[in-house]
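The block underneath contains the structure these notes are about, expressed in structure tokens.
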Number of protein chains: 2
Amino acid sequence: MLLYQQIRHHLQERLATGELQPGCKLPSERTLQEQFNSTRITVREALARLEAEGLIYSQKRRGWFVTPEKLKWNPAKKVNFNLLAQEQEFTPQTRIVSLNTLLDNTICPELGNGALYCLSRVRSLNERAIMFEAIHCAKARFVDLEKQRLDGSITEVMANVYAVEISHETCQISVTVLPDYVAEILEKNNGTPCLKITRSRYSADNDLIDFNIEYWLHDAIEMIVEGH
Amino acid sequence: MLLYQQIRHHLQERLATGELQPGCKLPSERTLQEQFNSTRITVREALARLEAEGLIYSQKRRGWFVTPEKLKWNPAKKVNFNLLAQEQEFTPQTRIVSLNTLLDNTICPELGNGALYCLSRVRSLNERAIMFEAIHCAKARFVDLEKQRLDGSITEVMANVYAVEISHETCQISVTVLPDYVAEILEKNNGTPCLKITRSRYSADNDLIDFNIEYWLHDAIEMIVEGH
DNA sequence: CAGTGGTCTAGACCACGAT
DNA sequence: TCGTGGTCTAGACCACTGG
């Protein structure tokens, strides 16, 4: 039996029995190294696999932790992140990273030639940052967006303030790694796996209203999809 | 700039310019090591990140290769793998791994107490194995399933031979790693990231017809989801 | 300040693939 | 048989965290 597999299985067992509870800190790499008469490289081989599996995650230079419950999410339904999280007994939080104006639209031709807003936010569950998103919409359509509350549901701001209703959307979902600048913002190592979701949202008459890019930590979300 | 980042960016660039074409083999780890005056550990650090990103993949002890195009797939639609693949100009293939009878159903209580069939298959695109699935259904409902063609659409066999129509389904989708036995079958290293999809399919009167577990290589699939 | 994880060196042996 | 990737050793220095 391979050494890193032994370490991996040892930790898996301690996770399965509940000896290591969600959120709690694992022994340090050097402790594990001694315990298994091995080296840090080999220990990290095991940890990397557990991380890919979604069982543990690292906080930069702080240590390794047991992954909390995943948020269950149905991408086909209009989501309100805060409500969804609360239903599942998480404490959600949204932090605004920036609101920029892009003078020339190179992101999404469908949104026209005019200037765009780009709203970047980080969302957390129980103090753990799990998602970064960049929301793009036409500045002309949402004048003075910066004067609105932007840490809640954008869908609701669009509906209530600008009378723009979202009727349907298309998502593309793939598995990749956080772009380096996103990893920085989420305080993750570069190369951290994630789900990338790009989302185009339309009005009833098929006008593109906004175009969003989301990066979810791969171990923080589980999708539910219902087919006809 | 970190050394493994330099190596990573160097390869990313060669991928972006098309110098390294989909399917083609990368230089060996030892070649890269010399080229960057580094060590294999560091080179592999870069390769691991490119793999997580979905840009390259490894074939066990054969080398590293550029990832081909992804299959685009809408999980909310009834899929026929072969048709879907052909539409996107792949050559699909299905290999039957095993058809077992499970005498006591510990997999899925909803399928009743009776014996279950468990059909395991591997699906490939252009000779690359990209998915493993285990299909579970009640033996009593699909007697002599082993006498049917099982390398095509099971949905069609159910409809045409057994007059059982699937009306709707629920999927759960998460990111994890291949279980070790699946990694073996797909000839991947253990710890390879994947999309895990569990799928429950029902008849119009809400009878559970089958319960399936699928493991897709994370770099082989992109999902499209449409929301109301 | 001590301890942590992140990065890196310079080797080694093995099983397996290609030839 | 030779080259490949897979695993492993025994160290090192650094940046950062936490007390």
| task | Answer whether the closest heavy-atom distance between the side chains of A:Arg123 and A:Glu133 falls below 4.5 Å. | result | yes
| message | Whole angstroms only, please: what is the CD-C1' distance between A:Glu187 and D:dT17? | response | 11 Å
| query | B:Asn190 near the nucleic acid: base, sugar-phosphate alone, or nothing, with a heavy-atom cut-off under 4.0 Å? | reply | nothing
| message | Assess the residue pair B:Asp180 and A:Gln5 against the criterion (side chain to side chain donor-acceptor pair (under 3.5 Å)); give the C-alpha distance rounded to whole Å, side-chain angles, the decisive distance to 0.1 Å, and a yes or no. | response | CA-CA 10 Å; B:Asp180 288 352; A:Gln5 289 282 67; 3.2 Å; yes
| task | Identify the 5'-most and 3'-most nucleotides of DNA chain C with at least one atom closer than 4.0 Å to a non-hydrogen atom of chain A. | result | C:dT4 to C:dC8
| query | So, does B:Thr17 use its side chain to make a donor-acceptor pair with the main chain of B:Glu13 at under 3.5 Å? | reply | yes
| On DNA chain D, nearest-nucleotide positions of A:Leu3 versus A:Arg40: which is more 5'? | A:Leu3
| field | Worked check of salt bridge (Lys or Arg N to Asp or Glu O under 4.0 Å) between A:Asp219 and A:Arg128 | value | CA-CA 12 Å; A:Asp219 58 4; A:Arg128 179 182 177 221; 2.9 Å; yes
| Residue pair A:Arg49 / B:Gly191: nearest heavy atoms and the distance that separates them | CG-CA, 3.8 Å
| request: Scan A:Arg8 against the nucleic acid and name what it touches under 4.0 Å (heavy atoms): base, sugar-phosphate only, or nothing. | output: nothing
| Just checking B:Arg62: base, sugar-phosphate only, or nothing, at a heavy-atom cut-off of under 4.0 Å? | sugar-phosphate
| field | Position toward the 5' end of DNA chain C (nearest nucleotide), A:Ile41 or A:Trp64 | value | A:Trp64
| Can you find a side chain N or O atom of B:Arg30 that sits less than 4.0 Å from OP1 or OP2 on D:dG3? | no
| task | Rounded off to whole Å, could you give me the CD-to-C1' distance for the B:Gln59 and D:dT4 pair? | result | 12 Å
| task | Assign A:Ser28 to base, sugar-phosphate, or nothing according to its heavy-atom contacts below 4.0 angstrom with the strands shown. | result | sugar-phosphate
| said: If the test is side-chain contact (heavy atoms from CB on, under 4.5 Å), which one of A:Met158, A:His136, A:Glu169, A:Arg199 qualifies with A:Asp210? | reply: A:Met158
